[in-house]
Structure formats: C-alpha cells, structure tokens
Amino acid sequence: MTAVPRDVASPARPDDVDPVATGLVTRLQALERRGLLLRGSEAWDAALVSDVEAGLAALPPAMRRFPGGPLELVLHAASAPLGLGDGSPERPDWSEGRGRFHLYRYAPSSERRAMLRLSRLTDVEAERLWRRRAVVHAVVQRWDDALGWSRDAQWRRLSGWMNPFERPLVWKEQARLHYAGAFSRALGARSASLDLVTFAEELLVPVESLREDALNVDDRVRCQEFSKAGAFARLVEDSGLGALAWRGACPAFDAWAELDLLSHFEVLLVAATGRQPESLFGHLLLKPVWREGARVRGPTFERVVQLVALTGMEPRGLGYVVKGMTGGYDTVFLTGTMGDLAHEALELEQRTIRRFHLRLTRGEEARMLERVWELERRGYMGYYFFTDNCASALLFLLNGVLEQGREVRAPGTLWVLPTATLDVLARVEVLGKDGRAGPLLALVPDAFESTGDRAVRASVSRDAALDGLVGKVDETGLARLRRLDERLQSPEPEARRAAYLELPALVRGVLGSSTGAARRSVRELLHAYVAHAVRVERAAVDRAEGERLRIDRTRLLSVNAPVEGSAAAGLRERQRVFEREDALQRKLAVLDRTTVFQDALATAPRRLPTPQELKALVRAERTEAAFAAATDAQGELNDGVLSEVDPMAFLGEDHRRKVAAESAWAASALRDSGAGRTVVSVGMDFPDVGGPRPVVSVRTAGMAEALGDARLHGFQPSSELRVLDGELSVEPRWGMPRLVSTDMTLLGYRTLQRELPRFRESVWDSLGWGAEARVASDASRPLPYRATVQAEALVVVDEAERFSRFTALGIGGLARMHWSEGMLAPAAGPRFSLVHRSGLPGSGANAVRVEAAYAPTWRMGDSRFVHEAGASLQVEWWLGRAGPFGVLLTPRAQLRWEGTLSPPARHESPSRSSWWDGTVDRRLAVGLEVR
C-alpha cells in the first residue's frame with residue numbers, strides 16, 4: 001500500500017517544472033478546491049487525473065461539491081477486481097471513516113453482471129471506466145450519508161429492501177430480489193445504500209461514455225433500469241442538486257410497450273373450480289390492455305404477466321410441496337399470451353378468470369410497463385406458498401409504480417391470500433387518469449369463462465332452445481330431437497358421437513316441419529341448440545385433454561428426469577436468455593427451449609400405463625372423436641339449412657346475456673372476501689342446569705366463506721372454506737368473566753359443485769363433499785375438551801343459480817378424541833347432516849341458513865354410544881356501508897343435545913326422561929360484523 005501523509009498541503013512536484021507538470025498542478029488544485037485530493041506519485045499520473053476529472057464531470061454540477069469534508073483518493077500498486085476495494089481488511093474501500101477512498105490497479109472481475117456490458121471494451125478502456133465510476137461511487141456515497149437517499153421508501157421498494165425484523169426471519173437488511181443480475185454489481189446486494197451507490201456508478205458513467213459503439217442501445221442501463229434511474233433522478237432533483245437527463249429512445253422497449261395505445265391494466269383472478277381444493281386460494285395475474293392500432297392483434301395474442309413459481313419439470317410429490325412451502329423455488333415474472341393462459345386455465349384446468357380494472361394514472365401505467373420489462377429480466381424472489389406468492393409479487397410490482405408515496409400493504413404477515421389482496425387493493429381510494437376518485441381496484445363484470453362454466457351455461461340455454469320450439473314445429477320431430485338430446489348427454493362418448501352423426505338430418509326435418517311465419521324463429525332456435533350442444537362437447541374434450549396430459553406427466557416423471565428438467569436449471573437458462581436484448585436471439589432461444597421441451601416429452605422413456613390409465617386414455621380418444629363429429633355436424637348445418645342465421649349476432653347476444661347476468665350478480669354481491677373476519681355477538685344461554693345467563697362471543701377467522709356467499713373477491717358460491725375460524729364465549733360478570741366455551745375450526749371445506757351429467761363417470765361425480773378438523777372446549781361437559789376430524793358426502797336436493805338457494809343432505813363419519821385432566825376417550829361413528837340456505841330480498845348477502853346434524857358415536861373410554869344432535873338458525877342481513885365500513889347483522893338461534901338413549905322398562909310409562917339422558921343447551925344471540 002502507498003503510504004500517504006495526511007499533513008501534506010500540496011502534491012510534490014518534480015524539480016524541473018515543465019508545462020505539462022504545470023498543467024497538472026493547476027488541474028490538481030482545481031480538484032482540491034472541490035474537495036478531491038490526490039497525493040504522492042499518483043498525483044502525477046495524468047491518465048488517473050483525467051479519469052478523476054471525467055468521473056466528477058459525470059455528476060450534475062451541484063453534486064460536485066459534496067458534503068463531509070475533503071475526500072482523499074489513494075491508488076494502490078496491488079490489483080483488485082474492477083480496481084475497487086471490497087470492504088475486506090485486505091482490500092478496503094474506505095478508511096478514516098469516509099475520509100479516504102481506496103483505488104487499485106484494474107483486474108477483470110469474475111462477476112458476470114459487472115462484466116456483461118463491458119465485452120467490447122479493451123482492458124485499458126475498462127480501467128478508465130471503473131476509475132471514473134469509483135469517483136462517482138465515493139461522491140454519491142457522501143451524498144447518501146448526508147441526505148439519506150437510500151432510506152427513501154420508493155427506492156427501497158424497487159428491490160424490496162427490508163430492515164431487520166421487518167418480517168419474520170429477517171435478521172439484517174436484505175432485499176427481496178436475490179438475483180445477482182438485479183444489482184449493478186455484487187456489492188450492491190449488501191444494502192440499500194450500496195445498491196443506490198453502485199447503480200449511480202453505472203447510470204452516470206455508462207459503458208457508452210467510453211465508446212459509443214461499446215453497447216447496443218437496448219442493452220444500455222437507461223433502457224434496462226427505468227425504475228431505478230427514475231427514482232435516482234428524482235432524489236437528486238428533489239434535493240436541489242440538478243436534473244438528470246436519464247431517459248432516451250429505447251427501440252426494443254418502445255416497440256414492446258406501445259404506450260400510445262395502452263388503455264389500462266387489469267388484475268386477473270384465476271378462480272377455484274369448486275371441485276378441486278388445491279386450487280381454492282386462486283391465482284393472480286396482471287394484464288395490460290391495449291387499444292387496437294394499425295397492427296391487428298387477436299385476443300389469443302394479447303399479453304398477460306404471470307407471477308409464478310418456476311418449478312421446471314420436477315415431480316409433483318411430497319418434495320415438491322415441501323420446496324414450495326420452504327423457499328425451494330423462485331417467483332418469476334413471465335410475459336405470456338392470453339392464448340397460453342386460456343389453454344391452461346380456461347380449458348385444461350376449467351377455471352374461470354375474473355377481471356378487475358386497476359385504476360392508475362397515465363404516469364403509473366407507463367411505469368408499470370417499465371417495471372414489468374425490468375422484472376421479467378431481473379425479478380427473481382424466493383417463493384413461499386403462504387407468504388411470498390403471486391399475491392405478494394403483485395403488490396411488489398404495484399408498489400414500485402404508485403405515486404404520491406402510496407403503498408398497498410400485504411393483508412397479512414404469516415399468510416398472504418390472493419382474495420385478501422384484492423380486498424386491500426379495493427379499499428385504496430385514488431384519483432384515476434380521468435381525474436375522478438374511486439377505488440384502486442374494481443370488478444369488470446365480464447369474466448373470461450372457462451369451457452366448463454360455459455358448458456353449464458350452455459346446458460341451460462340448450463334446454464331453453466328446445467322448450468322454445470314447442471308449438472312451432474311438428475311434435476313428432478320435436479320428440480325425436482328430445483330423445484336424441486338425451487343421448488347427447490350420455491357420459492359415454494361413443495353414444496354421443498353416434499347421436500351427432502344423426503343430428504344434421506334430424507335438424508333439417510324439424511326445421512322443415514315449421515310453418516312459414518315461425519320458420520325464422522325455429523331456425524334461430526335450432527342454431528342456438530346446436531351451438532350450445534357443441535359448447536358442452538368442447539368442455540368434455542378439454543377435460544379429456546387435461547386428464548391425458550396428467551397421465552402423460554405421471555408416466556414421464558415415474559422415471560428419472562434429466563437435470564435440464566430441474567427448476568434450478570430452468571432458472572439459469574432463463575436468466576441467460578434475457579441477458580441480451582437481441583430480439584432475434586431471444587426469439588430463437590425461446591423457440592429452441594420450446595422445441596427441446598416438446599422433444600423431451602416425445603422422446604423420454606415412459607412406463608406402460610396402468611389399466612385405469614389406459615381406460616382413461618382410450619376414453620379421451622373417443623371424446624375427441626365425439627367432438628370432431630359435433631363440429632362436423634355444426635359445420636354441415638351452418639353451411640346448409642342454418643346458413644341464414646347471423647353467427648356474429650348470435651355470439652353478440654350470448655355475450656350480452658352473460659355480461660347482464662354477471663352485472664346483476666355483482667350489483668348485489670359483497671365486495672370483500674371472507675378473509676380476516678371478526679364478529680362480536682351478545683345473547684343469552686338457556687342451559688338445562690341453572691337459569692338463563694348472558695353470554696358474549698367473539699368469532700375471528702383467517703378465512704370464513706360459507707356455501708352460497710356472493711363475494712366479488714371470494715371463492716365460488718358453491719364452495720365453503722374455513723381456516724382458523726374460532727369462537728370464544730364468556731359469561732360477563734363482576735370481576736373476571738367466566739369462560740363458557742371455545743370452538744376452533746382449523747380447516748374446513750365443503751362443496752356442492754357437481755359435474756354435468758355427461759361428465760359423470762361415477763356416483764361420486766354427482767355428489768358434493770366436505771371435510772373439516774376442529775377443536776373445542778365446554779366447561780359444562782364431563783370431558784370438556786375434544787378434537788374432531790370428519791368427512792361427508794353431500795346430496796344436493798335443491799339448488800338455484802349460483803347457489804343463492806340450496807338444500808343438501810350429508811352422510812359421513814367422524815373420529816373424535818375427548819379428554820379431561822384425568823381421562824382420555826376416543827370415539828367414532830357416522831354423522832348425518834342437513835344444510836339449507838334461502839336468499840332474502842335485497843343484497844346477495846341476505847339469507848336464512850339452517851344447519852342440523854346428528855352423530856351417534858361409540859365412546860371407547862366408557863364403552864357406550866353417546867348421541868349428539870344440534871341445529872342452528874341464522875339470519876344474515878347486510879345493513880350497508882357507512883363510509884369505508886360495511887355492517888352485517890347475524891341474529892342466531894342454536895340448540896344442542898348430547899346424551900344417551902335408553903328405552904323405558906316395561907313397567908315404566910314412556911316419558912322424555914325415560915327415553916334419553918343428557919343435557920340440552922340453547923342460545924339466542926345477535927352478532928355484528930364490521931369490515
């Protein structure tokens with residue numbers, strides 16, 4: 001290391017002063033007046049002095065007079081990567097506090113990100129570049145120390161900087177983005193301050209400042225890091241230190257963004273199916289919406305931003321689940337097409353996608369596109385199913401663009417639900433680009449309909465079309481059409497295929513039997529009937545394809561997958577693809593990856609299918625044949641006797657009816673999901689022993705959505721989900737209140753959704769089902785504590801549209817553990833239940849609910865049958881909103897009996913007490929929920 005005495009007032013000069021030396025003295029004195037000191041022999045290194053001057057000149061004029069006193073630059077004879085220190089004792093970057101900054105002889109670095117954009121520079125040019133950046137680094141660090149730029153909330157959001165203990169298991173300052181490519185160099189990943197300082201190096205001294213042709217314009221920092229560049233420029237300008245001209249033309253981004261045609265953004269919720277509990281929590285995406293321009297883009301080519309875990313081709317076993325819950329995968333930002341999303345979600349998974357308009361200003365919309373562009377290339381975060389998922393990724397993306405210091409906080413710390421995230425977005429009031437106030441998020445009542453949900457709607461419309469033919473055609477022909485319709489609803493694809501082959505001739509015959517006046521109406525009804533029948537068949541073939549792909553994947557992954565199929569390998573390949581902005585290279589790389597993936601599926605060894613799988617594969621082939629017959633029949637009729645019907649008018653009217661139905665439902669539905677609910681109830685208990693007593697109950701739930709609930713941000717009305725849903729009841733009195741009972745549902749799920757008749761392959765497909773796990777306590781019981789696990793099949797007796805009214809009977813079983821301090825008593829037995837809901841006028845939340853259950857269980861501790869029966873009647877009435885708060889009133893009556901049954905002896909007269917022995921508890925309560 002070069003020793004530099006601190007008390008030297010001016011640089012030592014040669015005895016023979018020449019004009020060059022005199023010029024250097026003048027330049028060094030000019031640097032000293034600005035606070036930059038060069039000492040010893042390095043002061044006479046003209047190249048170093050030039051680089052120091054150039055680095056200082058890269059700063060806005062006001063920033064060149066930095067705070068913190070004189071800044072001494074020391075050049076060491078030893079070399080270091082990039083010619084800069086790393087903070088270690090061997091290669092310090094700072095010493096004497098912030099008084100002395102250390103430089104080293106240049107050596108190339110092993111950091112891929114730091115060297116990536118320097119490939120066209122010579123070593124001499126690279127050394128000059130990093131010396132200039134060193135000056136910027138030191139000066140900007142001084143400014144950050146003085147003004148706290150790196151503590152700015154907007155800056156910290158861009159990389160997700162978290163303070164110690166800001167989140168669980170965060171012990172030191174760290175960023176949510178963990179990809180090295182997200183930082184200008186590795187040093188920037190250590191803290192928000194170093195992130196800012198190292199980025200300033202790259203922004204203010206870009207590669208092209210050494211040589212214009214050193215970097216393609218689209219790869220330059222100003223075309224890659226829009227958000228950081230804009231945030232840094234704002235910090236400088238707000239500090240009164242000048243304006244930075246950081247933005248210029250970026251051909252690749254500008255062509256991709258099409259800002260002049262951008263209309264708005266939508267948040268998409270891929271909803272649950274109702275039958276598949278693994279999809280219950282939903283999935284969020286972001287969709288930019290552009291107006292039509294000179295270049296026509298079909299709906300399937302519209303872009304969507306996926307916020308997903310990159311899992312590769314890894315098997316979906318226990319290890320997959322564990323990795324998903326413990327950060328074994330990375331969350332990535334993928335820009336795909338609506339066609340890909342529709343095929344995966346709407347067709348294969350049969351999940352409808354709800355749409356929500358995101359109210360942003362014009363500036364926020366532009367920054368949102370910039371943010372998507374950046375994060376697709378560098379946005380890699382740890383994926384944790386409960387906390388760091390698609391919902392938290394959406395908030396991370398959004399908070400980086402909101403203006404006026406707004407921030408949308410996650411709806412929880414230990415659990416971030418997609419539906420709860422929609423709740424918090426909808427509660428934020430903003431001014432849109434039209435200048436009007438409104439919620440940040442609002443429903444668009446025109447969902448992207450899954451082929452399964454469309455089949456349900458088409459089934460109703462098909463029946464309506466048949467009914468509309470009554471009185472307009474020959475009854476014999478109509479009867480034949482109805483019989484053929486029954487065959488079209490057969491679960492056997494071969495039977496449906498045969499029926500479709502007969503359909504054209506039968507439709508021609510029915511149309512020919514109509515009178516002249518009704519002929520047009522009959523033709524339109526027959527056209528609608530055929531179209532809706534084919535829509536139902538389309539859902540069948542999509543389901544069959546999904547099942548076939550599932551079987552193929554299972555067979556493929558039953559053998560050892562190649563390393564290239566791992567999530568880590570896919571991550572590395574994706575990062576490599578996006579390192580350069582060469583559009584053709586990226587396109588070929590993506591195409592090549594797709595081809596490799598498809599080749600792997602086509603050529604990978606597979607085990608033979610099991611008999612059950614083979615049966616499913618044969619069924620899938622027959623379903624495809626039935627769909628082909630259906631479309632052939634439709635094409636023949638539309639080219640023939642139904643050709644006079646305008647297909648666009650039919651589609652337009654069908655869409656109008658769909659939107660009208662969704663709008664009517666949305667107008668009466670509750671906005672919020674069932675996440676984070678709290679209900680306070682007051683009432684009276686009427687126990688068998690003792691007199692009436694007042695009771696106060698508090699019910700809280702991580703998630704509580706009941707069957708039939710109409711919620712814009714919720715799950716399907718056909719499904720019920722309860723997670724950590726507990727009620728605590730106390731008797732108020734002088735002093736400490738007395739605990740009466742507790743009841744906690746750890747996890748409970750019920751669904752009334754069944755398959756359409758033609759999709760039912762077993763009795764199970766025509767039934768709903770439910771299961772739950774709960775713990776409870778009641779001081780009045782001999783064994784006060786119990787834990788229960790139960791499951792049931794549900795027979796739907798009656799239902800209305802969207803399950804606003806339903807009646808279902810349940811039969812199942814339960815296993816239970818009773819205990820007290822001195823006794824443990826397992827029990828098990830069957831369980832029978834009734835659940836009913838009737839909608840009331842007004843809001844879709846208004847309803848009457850009746851639930852009853854009976855369970856005779858064999859208790860092993862005392863070897864006897866114990867019978868339990870209970871019933872509840874609850875009215876739910878939405879009182880409306882008062883400002884930001886909504887109020888739901890829930891009066892409730894409960895009855896519960898537990899005891900034993902024993903018929904009276906022959907000499908005893910029958911009475912209630914002789915037939916059963918036990919306790920009866922009654923409760924009347926009025927609950928109030930405010931959200």
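Small disclaimer: the values here were computed from a predicted structure and weren't measured. For the numbers below, each heavy atom of this structure counts, side chains included, while hydrogens, waters and symmetry mates do not.
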Please confirm whether the backbone N or O of P164 pairs with a side-chain atom of E173, one donor and one acceptor, at under 3.5 Å? no
Which word best sums up how the rings of W256 and W290 line up, parallel for under 30°, tilted for 30 to 60°, or perpendicular for over 60°? perpendicular
Do the ring planes of Y380 and Y179 sit parallel (below 30°), tilted (30 to 60°) or perpendicular (above 60°)? perpendicular
Does the side chain of S193 pick up a donor-acceptor pair with the side chain of Q141 at under 3.5 Å? yes
Does the R91 side chain pair with the main chain of D86, one donor and one acceptor, at a distance under 3.5 Å? no
Inter-residue atom distance N389.CG - Y384.OH, 0.5 Å rounding: 12.5 Å
Between E166 and R156, does any NZ, NE, NH1 or NH2 come within less than 4.0 Å of an OD or OE carboxylate oxygen? no
Mind listing the closest non-hydrogen atom pair of R409 and V424 along with its distance? O-CG2, 3.9 Å
Answer yes or no: is there a donor N or O on one side and an acceptor on the other, between the side chain of R355 and the main chain of E266, under 3.5 Å? no
Mark yes or no for whether R120, through its side chain, and D213, through its backbone, hold a donor-acceptor pair below 3.5 Å. yes
Using a strict 4.0 Å threshold on nitrogen-to-oxygen distance, state whether R367 and E403 make a salt bridge. yes
Heavy-atom side-chain proximity of L118 to E125 below 4.5 angstrom: no
Between W94 and H137, what is the ring plane arrangement, given parallel below 30°, perpendicular above 60°, and tilted in between? tilted
Counting neighbours of CZ on R406 that are heavy atoms of other residues, nucleotides or ligands and sit closer than 6.0 Å, is the number greater than 12? yes
Checking the side chain of R117 only, and the main-chain atoms of D219 only, is there a donor and an acceptor separated by less than 3.5 Å? yes
Row check, W155 ring normal vs R151 NZ/CZ: under 6.0 Å, within 45°: no
Just checking R291: does its CZ atom have more than 12 heavy atoms from other residues, nucleotides or ligands closer to it than 6.0 angstrom? yes
Under the 6.0 Å and 45° cation-pi test, does R371 pair with F396? yes
In this structure, CD of E374 is separated from CG of L369 (nearest 0.5 Å) by 11.0 Å
Measure from the side-chain N and O atoms of N399 to the backbone N and O of E407, and report whether any donor-acceptor pair falls under 3.5 Å. no
Any donor-acceptor N or O pair under 3.5 Å, side chains R27, S50: yes
Salt-bridge test for E202 and K228: reply yes if a basic N is under 4.0 Å from a carboxylate O, no otherwise. no
